Structure formats: C-alpha cells, structure tokens
Amino acid sequence: MARVPASRLPQHPLIVTAEEDRVRHARGQSFPDWLAMRSGDFEFFPDGVAYPETSAQVRELLAFAVQHDFIVIPYGGGTSVAGHITPQKSTKAILTVDMGRMNQLMDLNEESQIATFGAGTPGPQVEAQLQARGYTLGHYPQSWELSTVGGWIASRSSGQQSLRYGRIEQMFAGGRMETLQGTLDIPSIPASSAGPDIREVTMGTEGRMGIFTEVKVRVQRAPEEEKFMVCFMPDWQAGKTVAREVAQQRIPLSMMRVSNAKETRAHANLGTSLKQFKLLDGYLRFRGLDDNRCMLTFGVTGSKYQNKVALKQLKKILKKHGGVGGALANIMGTIWAHGRFKFPYLRETTWAQGIAVDTLETSTDWGNVDEQMSQMETTLENALKDDGEEVMVFTHLSHIYGQGASIYTTYFFRCADSYEATLERWKKLKSKTCEVIAQGRATISHQHGVGRDHALYMPVEKGELGMRVIKTLVKDFDPEKRLNPGVLLQDTP
Ligand SMILES: Cc1cc2nc3c(=O)[nH]c(=O)nc-3n(C[C@H](O)[C@H](O)[C@H](O)COP(=O)(O)OP(=O)(O)OC[C@H]3O[C@@H](n4cnc5c(N)ncnc54)[C@H](O)[C@@H]3O)c2cc1C
C-alpha cells in the first residue's frame with residue numbers, strides 16, 4: 001500500500017478520510033496515472049473523499065470548502081486520460097467529490113424524450129435504466145463501463161456511435177450545476193436564438209466552473225436492430241474516401257471507422273489465431289487486396305427498414321471504391337462488437353511482455369487528415385531514436401464528419417529499466433506529438449479533453465483573446481481557484 005499522509009481536512013459528516021478512499025481517488029487512467037498505480041508512487045492524494053447523494057449536499061460541501069479554504073476536485077468515473085482528477089502539490093487541503101451515488105434516472109419525459117439523471121450515473125446504469133423503459137441515450141465511449149454522464153459533459157466526450165447519436169454536446173439538454181456563486185439552472189430548450197447559450201458555456205469546463213448534479217439528456221426510442229460489420233478496402237485513400245462520402249452524403253450509419261494499413265495488419269495479427277490469419281489473408285489476396293488493404297468497421301442502428309436502406313446506399317459507395325466484404329463482414333463485425341470495450345485492457349497484457357501502450361487523438365479537416373496522421377506517426381516513430389528505441393504506431397479514423405475526421409493513433413514502446421525511465425520515454429513521445437498536433441491545424445483533443453496534460457497547448461488552439469474569455473469565465477465563477485485548479489488552464493491554486 002502507498003504511504004498516505006495524514007488528512008488536512010476538518011471533520012464533516014459527508015467527508016471520508018480513510019486511506020483506501022483516498023488512494024482509490026488519487027489517480028485517473030492516463031499513462032502516468034497507470035504507472036503511478038503500478039509502482040505505488042502516487043505522489044499526492046486527496047485529503048478526503050465525499051460521496052454526496054443530493055444537490056443540497058454538494059452545495060453544503062462547496063460552502064464548507066469556502067469556510068475552511070480547501071480545494072475541491074469533482075470526480076465522475078475517474079476515467080480521465082489527461083490528468084483531470086489528479087491532486088497536485090498544494091498547501092491547501094484537497095477534497096475529491098465523487099458523484100457516484102447520484103446515479104439514478106430521476107425523470108423520463110417521454111413526450112419530449114428528455115431524461116434527467118443524477119450526474120454520477122455511469123454508462124451501464126444510464127442504458128439499463130433507459131432500456132427498461134424502451135429508450136436509449138446511445139453514448140458509448142470506450143470507457144463506457146465506468147465513465148459518467150456528468151464527466152462526459154464536463155469533458156466533451158464522444159461515443160463510438162456518434163454518427164447516429166451525435167457527441168455528448170448534442171445530447172446534453174440542460175440541468176443543474178452547483179457553483180461557488182450559487183445554483184446554475186440550465187434551461188432545457190430544444191433550440192434558441194436568445195444570445196449565447198449557457199448550456200454550451202458549461203460544457204467542457206472540466207470541473208472549473210461548478211459541479212453538475214442533475215443533467216437532462218435527449219434520448220431516443222431503443223433501436224429495433226443494430227448490426228456491426230467489417231469490410232476491406234484496397235488502400236488508405238479508398239477507405240478514407242468511403243468515409244468522407246458516407247459523412248457528406250449523410251448515409252445513416254451509426255458508426256464508421258477506417259484503420260490504416262498498419263492498424264489493419266496489427267488487428268489481423270492480434271485478433272486471430274495463425275490459422276485464422278492465414279485464411280483471412282489468403283481470401284483477401286484472392287480478392288486482389290495486398291498489404292496496403294485497410295479495414296473499415298461500420299454499424300447500422302435503427303429500424304430494419306432504415307438499416308436496409310442505409311446498407312444499400314453504402315454498398316454502392318463501397319463497390320465504387322473496390323471494397324471487399326462478403327461473408328466476412330458480419331462475423332468480423334460481431335467480433336468487433338463483443339470486444340468494443342475490451343481493447344484498453346490490452347495495456348495489462350503488453351505490459352507483462354515489457355511493452356507499454358498509449359494513444360493520442362485529434363481531429364482535423366479532410367484536407368489535412370493525411371498530413372496530420374503522417375506527422376503524428378512519424379513523430380512517434382522517431383521520438384525515441386536517440387535512445388535507440390523503436391516505437392510501433394498505427395492509426396484509425398474513429399469519428400467522421402462532413403468537414404473532417406478524428407485521428408486516433410495507438411503507439412507501443414519498450415518499457416525501460418525503471419518506472420521513472422519509462423515515464424521519461426512516454427513524456428518524450430507525448431510532448432513531441434502534442435506539439436505537432438497543436439501546430440498542425442488540428443485540435444489538441446477530439447474526445448479526451450484538456451486536463452493538466454493538454455493545458456499547455458490550449459493557447460495555440462484558442463488564441464490570446466479566446467484564452468482571456470475562458471480565464472474570465474472561470475475566474476468569475478471561482479475567483480479563488482478552489483475548483484480543480486491547474487486543469488483546463490495552466491494555473492496554480
Ligand atoms: C480506456 C479508456 C477509453 C476511453 N475512451 C473514450 C472515448 O471513446 N470517448 C471519450 O470521449 N472519452 C474516452 N475516454 C476518456 C474519458 O472516459 C472521458 O473523458 C470521460 O468523459 C470522463 O468521464 P468520467 O465520468 O470518468 O470523468 P472523470 O474522469 O472523473 O472526470 C473528468 C473531468 O470531468 C470533471 N467532472 C466529472 N464529473 C463532473 C461533474 N459531475 N460535474 C463537473 N465536473 C465533473 C472532473 O473534474 C474532470 O475534470 C477514455 C478513457 C479510458 C480510460
């Protein structure tokens with residue numbers, strides 16, 4: 001067990017200062033977090049954890065924080081991969097507010113299809129409670145098992161089926177945020193031209209403006225049918241063009257993902273036995289696809305009729321660009337669907353072999369996708385050259401839009417002799433590639449948010465005036481930097 005210093009927090013009936021609670025809330029899921037948890041070197045811990053059950057209790061905790069001058073970190077599922085919920089060295093005590101007990105469907109307005117949830121409700125509980133009533137939210141980030149509806153909104157998350165359901169920004173309708181300045185009620189209105197939208201302003205604030213306690217989301221009737229399929233394109237350009245045409249022609253698929261040739265090869269190797277690999281490889285070569293082939297994963301979600309129409313439209317585009325699917329399509333699609341939330345656990349498996357793995361992601365216009373992907377891959381591949389180390393890299397487009405796509409790159413590198421040295425390798429890889437992203441007409445994050453790890457790169461993306469607006473907003477709600485300082489903005493308490 002890591003050594004946990006004595007708590008600096010004053011006593012309060014809602015605050016727990018037991019070591020286990022503090023250890024469990026000390027780190028998220030970023031690579032450095034993961035190394036810290038493996039090594040036992042956590043660095044810093046919250047001084048206590050509170051598990052409020054009502055908005056009134058959150059208000060009480062915020063008032064207590066002002067009264068006793070301590071810092072508050074709002075905590076959803078703790079799945080941040082960008083250092084959002086990690087306490088930093090501070091002369092002030094730190095309280096983590098875990099929203100996990102506010103996990104109920106509080107209301108479902110079937111006429112307007114608006115569901116109200118406690119902000120700490122995690123993915124499976126969101127869907128179980130809605131599907132019991134015949135509805136779905138359809139938000140499936142890869143962290144779905146643990147991440148919460150409040151965390152999704154606070155960090156502008158995107159689910160795998162964003163092509164049908166949209167990002168969390170499209171789903172979030174309104175709700176309640178408890179702030180240090182009072183309760184902010186965010187009205188739920190279908191559409192409005194009444195000036196800047198407060199709902200929009202609160203999204204992506206990463207716990208800096210207040211704590212969401214109740215959130216209203218736009219839900220839909222649960223689909224009649226959902227299918228996932230896989231096919232193969234002759235090369236990257238063909239795969240990318242299919243994705244662009246699907247998005248721009250608004251073909252109603254629920255998801256489409258394009259793996260580059262390196263990822264296609266890696267998945268075929270990782271996901272099949274040698275016998276299966278040889279069979280697949282032989283079949284695709286027979287159909288004229290060589291090592292340049294790229295895997296396309298896609299899904300349809302809706303009524304059987306809608307799905308049939310969508311697949312017919314897609315088939316035309318696939319045919320035009322040389323796609324090969326056939327009997328493989330459904331089998332491989334079903335395999336993908338079964339493993340869709342399991343990929344992250346690969347980190348444990350490769351670690352046992354002495355290999356570390358992490359991901360980087362961004363989004364950019366179609367005209368910049370190739371350049372950006374190539375820059376990211378080359379930077380990663382070369383980042384450890386001075387240490388004589390190779391880095392294995394591959395990429396897919398994970399979310400597609402009419403304007404562009406998100407680029408999701410996975411990289412593997414050898415662990416060094418110590419945790420510290422492995423962390424140094426990761427820092428090199430991360431910082432060099434983030435620099436390339438920031439300078440490359442792309443966003444520093446499409447779906448993982450800013451946290452502490454990406455705050456440095458925000459000014460390039462937002463500009464001087466843009467940053468001033470964000471800082472002013474945060475300062476207005478929290479002049480004393482009490483809520484999650486250092487996250488989103490590079491500031492200290
Ligand atoms: C394996 C893995 C896969 C992932 N895949 C995806 C993916 O596909 N798509 C995606 O979008 N993200 C993904 N992520 C990133 C992460 O899951 C998202 O950022 C998610 O939205 C975080 O939700 P959470 O509830 O875990 O929030 P936390 O990690 O607990 O917190 C994230 C931020 O939100 C704030 N916050 C949390 N709850 C509240 C609240 N109620 N009120 C105010 N602020 C709050 C926190 O202070 C913090 O700044 C992945 C993460 C992992 C580990």
Side-chain angles (χ1 to χ4, degrees), residues 24-25 27-31 33-34 46 52 55 58 62 71-87 95-103 117-123 125-126 139-162 167-169 171-172 175-179 184 186 202-215 255 257 340-348 357-359 361 363 398-399 406 408 410 445-455 477-478 483-489:
R24 284 188 183 279
H25 292 82
R27 289 286 183 160
Q29 289 294 330
S30 71
F31 188 76
D33 289 336
W34 193 73
S55 295
V58 172
L62 291 179
I71 288 168
V72 173
I73 301 181
Y75 185 103
T79 66
S80 156
V81 281
H84 286 91
I85 43 108
T86 318
L95 173 71
T96 293
V97 176
D98 181 330
M99 297 300 291
R101 288 195 188 155
M102 295 185 72
N103 59 14
F117 279 99
T121 316
Q125 276 176 260
V126 167
H139 190 70
Y140 297 105
Q142 205 176 36
S143 57
W144 179 77
E145 294 165 305
L146 298 172
S147 56
T148 62
V149 65
W152 298 336
I153 297 164
S155 58
R156 299 186 78 109
S157 155
S158 188
Q160 290 170 344
Q161 283 154 268
S162 65
R167 291 165 61 89
I168 199 68
E169 292 100 294
M171 300 173 187
F172 176 47
R176 169 180 286 193
M177 183 185 252
E178 296 299 344
T179 82
L184 182 68
I186 308 160
T202 60
M203 283 192 284
T205 46
E206 305 195 343
R208 296 294 314 252
M209 215 168 114
I211 303 184
F212 290 108
T213 54
E214 295 172 18
V215 292
M255 67 154 296
R257 173 176 288 192
R340 65 191 285 196
F341 303 120
K342 293 199 181 120
F343 188 74
Y345 299 99
L346 182 68
R347 190 149 76 170
E348 300 284 346
V357 57
D358 199 18
T359 61
E361 45 89 46
S363 88
S398 58
H399 298 261
S406 66
Y408 191 96
T410 305
S445 176
H446 169 265
Q447 62 197 50
H448 289 164
V450 182
R452 293 179 199 284
D453 295 356
H454 299 146
F477 275 87
D478 180 16
L483 281 170
N484 223 358
V487 165
L488 191 67
L489 303 168

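For ligands, and for the atoms within them, numbers begin at 1 and follow the listed sequence. Because the structure is predicted, anything quoted here is derived from the model rather than measured.
- In terms of polar-atom proximity, Leu146 is not counted as a contact of ligand 1, lacking any N or O under 3.5 Å from an N or O of the ligand.
- Note: an N/O pair closer than 3.5 Å links Ser143 and ligand 1 by distance alone.
- Residues Ile73 and Pro87 form a side-chain contact, since some pair of their non-hydrogen atoms from C-beta on lies under 4.5 Å apart.
- For ligand 1, the atoms sitting less than 4.0 Å from at least one non-hydrogen atom of Asn484 are 47 (O), 49 (O), numbered in the order shown with element in parentheses.
- Where the criterion is an N or O separation shorter than 3.5 Å, residue side chain and backbone included, Phe212 meets it with respect to ligand 1.
- For ligand 1, the polar-atom distance check against Ile73 finds no nitrogen or oxygen pair separated by under 3.5 Å.
- In terms of protein heavy-atom proximity, atom 31 (O) of ligand 1 is closest to Ile85 CG2, 3.8 Å.
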Derivation and outcome, side-chain contact (heavy atoms from CB on, under 4.5 Å), residues Thr202 and Phe172: CA-CA 11 Å; Thr202 60; Phe172 176 47; 3.7 Å; yes
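- For atom 51 (C) of ligand 1, the nearest protein heavy atom (residue, atom name, distance) is Thr79 O, 3.3 Å.
- Counting heavy atoms under 4.0 Å from ligand 1, residue Val81 touches it through the side chain alone.
- Look at Gly449 and you'll find every heavy atom at least 4.0 Å from all atoms of ligand 1.
- The aromatic ring centres of Phe212 and Phe117 sit 6.0 Å or more apart.
- Residues Ser445 and Glu361 bring a donor and an acceptor atom of their side chains to less than 3.5 Å of each other.
- Scanning the protein heavy atoms around atom 12 (N) of ligand 1, the nearest turns out to be Gln447 O, 3.5 Å.
- A heavy-atom distance below 4.5 Å is found between the side chains of Thr213 and Val58.
- Counting heavy atoms under 4.0 Å from ligand 1, residue Glu206 touches it through both backbone and side chain.
- A heavy-atom distance below 4.5 Å is found between the side chains of His139 and Trp152.
- Near Met99, meaning under 4.0 Å from one of its heavy atoms, ligand 1 places the atoms 41 (N).
- Under a 4.0 Å criterion applied to the non-hydrogen atoms of Pro344, ligand 1 contributes the atoms 1 (C).
- Counted by atom type alone, Arg156 and His448 present zero donor-acceptor pairs between their side chains at under 3.5 Å.
- Taking the side chain as every heavy atom from C-beta outward, Arg176 and Ser55 approach each other to under 4.5 Å.
- Taking a cut-off of under 4.0 Å to the non-hydrogen atoms of Ser157, the atoms of ligand 1 that pass are 10 (C), 11 (O), 21 (O).
- Annotation: Arg156 places no N or O atom under 3.5 Å from an N or O atom of ligand 1; distance criterion only.
- Nearest to atom 7 (C) of ligand 1 by heavy atom, out of Ser147, Gly123, Ser445, Pro141, is Pro141.
- Looking only at side-chain heavy atoms (C-beta outward), Ser157 and Gln447 stay at 4.5 Å or farther from each other.
- Environment of CZ in Arg347: crowded, with over 12 heavy atoms of neighbouring residues, nucleotides or ligands closer than 6.0 Å.
- In terms of protein heavy-atom proximity, atom 24 (P) of ligand 1 is closest to Gly77 N, 3.4 Å.
- Taking all heavy atoms of Ala119, Ser80, Ser158 into account, the minimum distance to atom 29 (O) of ligand 1 is reached by Ser80.
- In terms of protein heavy-atom proximity, atom 8 (O) of ligand 1 is nearest to Gln142 N, 2.8 Å.
- Close N/O approach between Pro74 and ligand 1 is found [any backbone or side-chain N/O within under 3.5 Å].
- Donor-acceptor pairing under 3.5 Å is lacking for the side chains of Thr148 and Thr121.
- Side-chain contact between Thr410 and Val357: present, with at least one pair of heavy atoms (C-beta onward) separated by less than 4.5 Å.
- Protein heavy atom closest to atom 21 (O) of ligand 1, with residue, atom name and distance, is Ser155 OG, 3.0 Å.
- Cation-pi contact between Arg208 and Phe477: absent, since separation from the ring centre below 6.0 Å together with deviation from the ring axis within 45° is not met.
- Listed by atom number, the atoms of ligand 1 under 4.0 Å from Ile211 heavy atoms are 42 (N), 43 (C).
- For atom 48 (C) of ligand 1, the closest non-hydrogen atom on the protein side is His84 CB, 3.4 Å.
- Residue contacts with ligand 1: Gln29 is placed with no nitrogen or oxygen under 3.5 Å of a nitrogen or oxygen of the ligand (distance criterion only).
- Of all protein heavy atoms, the one lying nearest to atom 25 (O) of ligand 1 is Thr148 OG1, 2.6 Å.
- Applying the 4.0 Å criterion to heavy atoms of Ala154 picks out, from ligand 1, the atoms 34 (O), 35 (C), 36 (N), 44 (N), 45 (C).
- Proximity of Ile211 to Pro74: side-chain heavy atoms (C-beta onward) are separated by under 4.5 Å at one or more points.
- When only modelled atom types and interatomic distance are considered, Gln160 and Arg340 share a side-chain donor-acceptor pair under 3.5 Å.
- For the residues Gly150, Gly204, Gly210, the heavy atom positioned nearest atom 43 (C) of ligand 1 is part of Gly210.
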